[in-house]
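For reference, the structure is listed below as structure tokens.
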Amino acid sequence: MGAWSTRCRTEATWRSSFGDFPRDPSSRRSAVEADAPLLEVRGLRKAYGTTEVLKGVDLELYPGEVLGVVGASGSGKSTLLRVLHLDEDAEGEYRLRLPGLEGVNLLALDPYAKARVRCHLALVHQEASAVLRMGFSALTNVVEPLLLEGQRTFSALRERGLEALARVDFPLDRVLYPPRWLSGGQRQRVQLARALAQGAAILLLDEPTTGLDLLVQATFLDSVRRLKAQGRFAMVLVSHDLGVVRAVSDRILVLLEGRVVEEGLADQVLEDPQHPYTQDLVQARL
Ligand SMILES: Nc1ncnc2c1ncn2[C@@H]1O[C@H](COP(=O)(O)OP(=O)(O)OP(=O)(O)O)[C@@H](O)[C@H]1O
């Protein structure tokens, strides 16, 4: 089997291959050394026509950490997430330190191989319709990755979906509602539950709290923090809101016109910003 043909190991396939799914996800990633990046990007370039939007971005994401990405409107944050989710072609190197993918530059894979790798990556998008099927129920949306993997036992799918939804505090009396009947916060929880059911290693969050009222934002961020504490995912969080980024991020990366201009521990970047743009950003928030 070529490296590119690696399959995601959701709970269902894990059980059939290895017995009980490990409850502590860190044991599931024992192949990943704690001090080595889970995700590594080098010299990432992305252009639309003649306009270069990402101009040589380097970044690392370590197991269990949350990397916050901030920057001005148009600096390339969402483009970066789309490239990380393998939705866009780009130049450079992008590696995931996961079994079967060591040494593989994901940007060089063909579309079919990218689709297989994508099951390690999950998106939570400001616009739920970018991730969810708005006409299907919340529960169907959550178990869809398992269906695509070949799971057909209704009771097992239902149990797995309900478990994922409960884990992110989704109201279980609404699991049969389609997303268009749900509130913004509930839609974001469905996306989180889907990522859990999928067994993704990396969660990519694009402005996940934009448009939510403050209380809903706070409870959503609590769920994200809990998933982080449980070591469920490593996460890249894009937000224009420094408060949101500070609430959950271990490190922060600042993008300006497609380049990383500052990077460091969250407290360090926010309390002692070095680049004039970051200084303005922090100042503007005070
Ligand atoms: N599909 C596309 N075709 C052409 N240009 C695009 C496309 N997608 C994004 N761009 C351009 O790339 C640049 C970066 O866009 P991107 O959405 O990544 O920025 P951003 O930092 O996420 O901005 P915002 O905070 O406003 O969402 C913008 O100038 C945008 O117009």
**Fill in**
Contacts of H125 meeting side-chain hydrogen bond (donor to acceptor under 3.5 Å, both in side chains) (sequence neighbours excluded), chain-then-number -> none
**Message:** Holding to side chain to side chain contact (heavy atoms under 4.5 Å, CB included), I want the full list of residues that pass it with A115, two or more places apart in sequence or in another chain.
**Reply:** R118
**Request:** Would you please name every residue forming a side-chain hydrogen bond (donor to acceptor under 3.5 Å, both in side chains) with E52, sequence neighbours left out?
**Result:** R45
**Fill in**
So salt bridge (Lys or Arg N to Asp or Glu O under 4.0 Å) across residues 185-207, not counting sequence neighbours, yields E144-R194
**Request:** Quick one: which residue pairs count as a ring-ring contact (aromatic ring centres under 6.0 Å, His included) with a foot in residues 246-272, not counting sequence neighbours?
**Result:** none
**Message:** Are more than 12 heavy atoms, taken from residues, nucleotides or ligands other than E91, located less than 6.0 Å from that residue's CD atom?
**Reply:** no
**Request:** Report the residues that fulfil side chain to side chain contact (heavy atoms under 4.5 Å, CB included) with A247, sequence neighbours left out, ordered by chain and then residue number.
**Result:** L221, R225
**Request:** Please list all pairs passing the salt bridge (Lys or Arg N to Asp or Glu O under 4.0 Å) test where one or both residues lie in residues 59-70, with sequence neighbours left out.
**Result:** R42-E60, E65-R251
**Message:** My understanding is that only residues two or more places apart in sequence, or in another chain, count here; which of them pass side-chain hydrogen bond (donor to acceptor under 3.5 Å, both in side chains) with D89?
**Reply:** K114
**Request:** Check whether any side-chain heavy atom of D58 lies under 4.5 Å from a side-chain heavy atom of L44, and answer yes or no.
**Result:** no
**Asked** Residues two or more places apart in sequence or in another chain: which of them pass side-chain hydrogen bond (donor to acceptor under 3.5 Å, both in side chains) with K46?
**Response** E88
**Message:** Any non-hydrogen side-chain atom of Y62 less than 4.5 Å from a side-chain atom of L38?
**Reply:** no
**Request:** Output the rest of the hydrophobic cluster of L212: all Ile, Leu, Val, Met, Phe, Trp and Tyr residues reachable through side-chain heavy-atom contacts under 4.5 Å, sorted by chain and number.
**Result:** V216
**Request:** To the nearest 0.5 Å, tell me how far L101 CG sits from L39 CG.
**Result:** 11.0 Å
**Complete:** side chain to side chain contact (heavy atoms under 4.5 Å, CB included) filter on A195, not counting sequence neighbours, yields A122, L203, F233
**Message:** Rounded to the nearest 0.5 Å, what separates atom CD in Q279 from atom CG in D272?
**Reply:** 8.5 Å
**Request:** Give, for atom CG of L192 and atom CG of L205, the distance between the pair rounded to the nearest 0.5 Å.
**Result:** 7.0 Å
**Message:** Rounded at 0.5 Å granularity, tell me how far CD in E93 sits from CG in N105.
**Reply:** 5.5 Å
**Prompt:** Does one hydrophobic cluster hold both M134 and L182, with members joined at side-chain heavy-atom distances below 4.5 Å?
**Reply:** yes
**Request:** Output the distance between atom OH (Y94) and atom CG (L59), rounded to the nearest 0.5 Å.
**Result:** 9.0 Å
**Message:** Can you list everything that forms a ring-ring contact (aromatic ring centres under 6.0 Å, His included) with Y177? Sequence neighbours excluded, please.
**Reply:** W181
**Asked** Side chains of E257 and S75: donor-acceptor distance under 3.5 Å anywhere?
**Response** no
**Prompt:** If you look at every heavy atom in A164 and A193, which pair is closest and at what distance?
**Reply:** CB-O, 3.5 Å
**Item:** Separation of I252 CD1 from D267 CG (nearest 0.5 Å)
**Value:** 8.0 Å
